[in-house]
Peer 1: 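Pasting a structure here, questions to come.
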Amino acid sequence: MAKLENPVLMATIGAAQGLRGEVRVRAFTADPLALGDYGNLHSADGRVFEILEIREAKNVVIVRFRGVNDRNAAEALNGLELFIDRDNLPDEELDEDEFFYADLEGLEAVDAEGNSYGQVSGVFDFGAGDLLELKGPGRRPTLIPFSEAAVLEIDLDAGRILVDPVAAGLVETPDEDAPPEPNGKTGGKSGRKPKGEAE
């Protein structure tokens, strides 16, 4: 099997389920039961996996692959990541403002002035909303929210995303935006003298 040109991670195989070679699979598709609709799945080492049966379970799907017929064979697959080629994803089903995460990777993040903040190197969801990871030469990886406030525009043809660096947390807000203190001043000392100091 030839290596995939543009692999997209679709699922990760977990523990064996039962004795007939079934495995628990964490699918990264909108509909976990649709995992087999994209064609055969491929591992990084070139193996091809055809789904024979799939059913839903709590937080995962239970899958039986062709050629995996017993628990020992199923246990050997634990932790294996499964991919498809990007060309197998159905672009025509996407709305204008919808994107596959794989299409965002590699886009350059720029602001309205053209300043670059790196390239999108990953998309993550840790439970509080999607995050884009930006990496650039000489920069540490940075996570920004994938929200309408932080990501203003996505231009796949130009290979860039337009970001608001303040909303994305990429730059500090100026001190003059600091809320005024109760005495009406912005920042600095309160104007009170310490106890025991002469007037």
Side-chain angles (χ1 to χ4, degrees), residues 1-107 109 118-135 140-148 150-151 154 156 161:
M1 168 68 213
K3 190 172 182 166
L4 297 177
E5 243 180 77
N6 192 1
V8 176
L9 179 63
M10 297 297 285
T12 301
I13 298 177
Q17 174 80 23
L19 302 174
R20 299 180 335 156
E22 294 177 318
V23 290
R24 301 170 63 82
V25 174
R26 181 173 177 220
F28 304 121
T29 55
D31 175 11
L33 291 175
L35 184 60
D37 295 349
Y38 302 99
N40 290 339
L41 300 166
H42 304 263
S43 63
D45 61 10
R47 291 181 284 172
V48 178
F49 293 85
E50 179 185 350
I51 294 177
L52 297 178
E53 294 176 20
I54 186 169
R55 68 180 189 277
E56 209 164 6
K58 186 177 181 179
N59 302 323
V60 294
V61 287
I62 307 300
V63 177
R64 190 165 70 85
F65 293 110
R66 180 176 304 283
V68 181
N69 299 318
D70 62 36
R71 186 170 182 89
N72 290 336
E75 287 174 345
L77 301 177
N78 193 353
L80 191 67
E81 293 181 327
L82 300 175
F83 303 85
I84 62 166
D85 198 82
R86 167 61 184 91
D87 293 340
N88 290 2
L89 294 174
D91 288 329
E92 63 278 354
E93 293 179 16
L94 293 176
D95 290 335
E96 188 176 319
D97 62 342
E98 287 184 316
F99 307 92
F100 290 116
Y101 287 163
D103 293 339
L104 299 175
E105 293 182 18
L107 298 182
Q119 291 186 332
V120 177
S121 58
V123 182
F124 304 101
D125 183 0
F126 299 114
D130 293 335
L131 299 169
L132 298 179
E133 180 184 53
L134 303 180
K135 287 185 181 176
R140 297 179 68 191
T142 304
L143 295 175
I144 66 168
F146 187 32
S147 65
E148 289 180 5
V151 180
I154 298 171
L156 295 176
I161 60 172

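Any value given below was found using the heavy atoms of this structure, including those in side chains, with hydrogens, waters and symmetry copies removed.
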Peer 1: Main chain of Ala16, side chain of Asn78: is a donor-acceptor contact present, judged purely on distance under 3.5 Å?
Peer 2: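 It does not hold such a pair.
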Peer 1: Could you grab the distance from atom CZ of Arg26 to atom CD1 of Ile13, nearest 0.5 Å is fine?
Peer 2: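 With rounding to 0.5 Å, CZ (Arg26) is 14.0 Å from CD1 (Ile13).
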Peer 1: State, to 0.1 Å, how close Glu56 and Leu33 come at their nearest heavy-atom pair, and which atoms those are.
Peer 2: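 What the structure gives for the nearest pair is N-CD2, 3.6 Å.
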Peer 1: Please name the pair of heavy atoms, one in Val48 and one in His42, separated by the smallest distance, quoted to 0.1 Å.
Peer 2: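 Of all heavy-atom pairs spanning Val48 and His42, the closest is CG2-ND1, 3.6 Å.
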Peer 1: As an exercise, state the distance from CG of Leu131 to OG of Ser147, rounded to the nearest 0.5 Å.
Peer 2: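 Rounded to the nearest 0.5 Å, the CG-OG separation comes out at 9.5 Å.
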Peer 1: Would Ile84 and Leu89 count as a side chain to side chain contact (heavy atoms under 4.5 Å, CB included) here? Give the steps.
Peer 2: CA-CA 8 Å; Ile84 62 166; Leu89 294 174; 3.6 Å; yes
Peer 1: Check whether any side-chain N or O of Asn69 sits under 3.5 Å from a backbone N or O of Gly21 as a donor-acceptor pair, and report yes or no.
Peer 2: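 No: the side chain of Asn69 does not pair with the backbone of Gly21.
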Peer 1: Could you give me the CA-CA distance, side-chain angles and deciding distance for Phe146 and Ile154, then say whether side chain to side chain contact (heavy atoms under 4.5 Å, CB included) is met?
Peer 2: CA-CA 11 Å; Phe146 187 32; Ile154 298 171; 3.8 Å; yes
Peer 1: Ignoring hydrogens, what is the shortest heavy-atom contact between Val23 and Ala74? Give both atom names and the distance.
Peer 2: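 So the minimum-distance heavy-atom pair works out to CG1-CB, 3.5 Å.
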Peer 1: Any non-hydrogen side-chain atom of Val63 less than 4.5 Å from a side-chain atom of Val68?
Peer 2: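 No. Closest side-chain heavy atoms not under 4.5 Å.
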Peer 1: First locate atom CG of Asn40, then atom CG of Asp85, and finally report the distance between them rounded to the nearest 0.5 Å.
Peer 2: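 Reported to 0.5 Å precision, the distance equals 12.5 Å.
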Peer 1: Could you go through the side chain to side chain contact (heavy atoms under 4.5 Å, CB included) check for Val25 and Thr12 one step at a time?
Peer 2: CA-CA 6 Å; Val25 174; Thr12 301; over 6 Å; no
Peer 1: Starting at CG of Leu143, measure out to CG of Asp130 and round the result to the nearest 0.5 Å.
Peer 2: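 Nearest 0.5 Å value for the CG-CG distance: 11.5 Å.
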Peer 1: Do the side chains of Glu105 and Arg86 get close enough for a salt bridge, i.e. N-O under 4.0 angstrom?
Peer 2: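 Answer for the salt bridge query: no.
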Peer 1: Looking only at heavy atoms, what is the nearest atom pair of Pro32 and Ile54, with distance?
Peer 2: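 Taking Pro32 first and Ile54 second, the nearest heavy atoms are O-CD1, 3.7 Å.
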Peer 1: Would you say Phe65 and Leu82 make side-chain contact, with heavy atoms under 4.5 Å?
Peer 2: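 Phe65 reaches Leu82 side chain to side chain.
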Peer 1: Per the salt bridge (Lys or Arg N to Asp or Glu O under 4.0 Å) rule, which among Arg64, Arg55, Arg71 passes with Glu22?
Peer 2: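 It is Arg55, the one option of Arg64, Arg55, Arg71 that forms the salt bridge (Lys or Arg N to Asp or Glu O under 4.0 Å) with Glu22.
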Peer 1: Counting C-beta onward and ignoring hydrogens, is there a side-chain heavy-atom pair between Leu132 and Ile161 closer than 4.5 Å?
Peer 2: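 In short, these two side chains touch, coming nearer than 4.5 Å.
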Peer 1: Kindly determine whether Leu77 and Arg47 satisfy side chain to side chain contact (heavy atoms under 4.5 Å, CB included), including the steps that lead there.
Peer 2: CA-CA 11 Å; Leu77 301 177; Arg47 291 181 284 172; 3.7 Å; yes
Peer 1: State, yes or no, whether a side-chain contact exists between Leu156 and Leu107 at a heavy-atom distance under 4.5 Å.
Peer 2: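 In contact.
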Peer 1: Return the minimal non-hydrogen interatomic distance between Val151 and Pro145, and the atom names on each side.
Peer 2: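 Minimum heavy-atom separation between Val151 and Pro145: CG2-O, 3.9 Å.
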Peer 1: What distance separates Ile62 CD1 from Arg24 CZ, expressed to the nearest 0.5 Å?
Peer 2: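 The CD1 atom of Ile62 sits 5.0 Å away from the CZ atom of Arg24.
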Peer 1: Tell me, do Val8 and Phe100 make a side-chain contact under 4.5 Å, heavy atoms counted?
Peer 2: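 SC-SC contact between Val8 and Phe100 ruled out.
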Peer 1: Ala11 and Phe28: which non-hydrogen atoms are nearest, and at how many Å?
Peer 2: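 Scanning both residues completely, I find the closest heavy atoms to be N-CD1, 3.6 Å.
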Peer 1: Please round to the nearest 0.5 Å and tell me the distance separating atom CG of Asp45 and atom CG of Leu80.
Peer 2: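 Here the interatomic distance stands at 6.5 Å.
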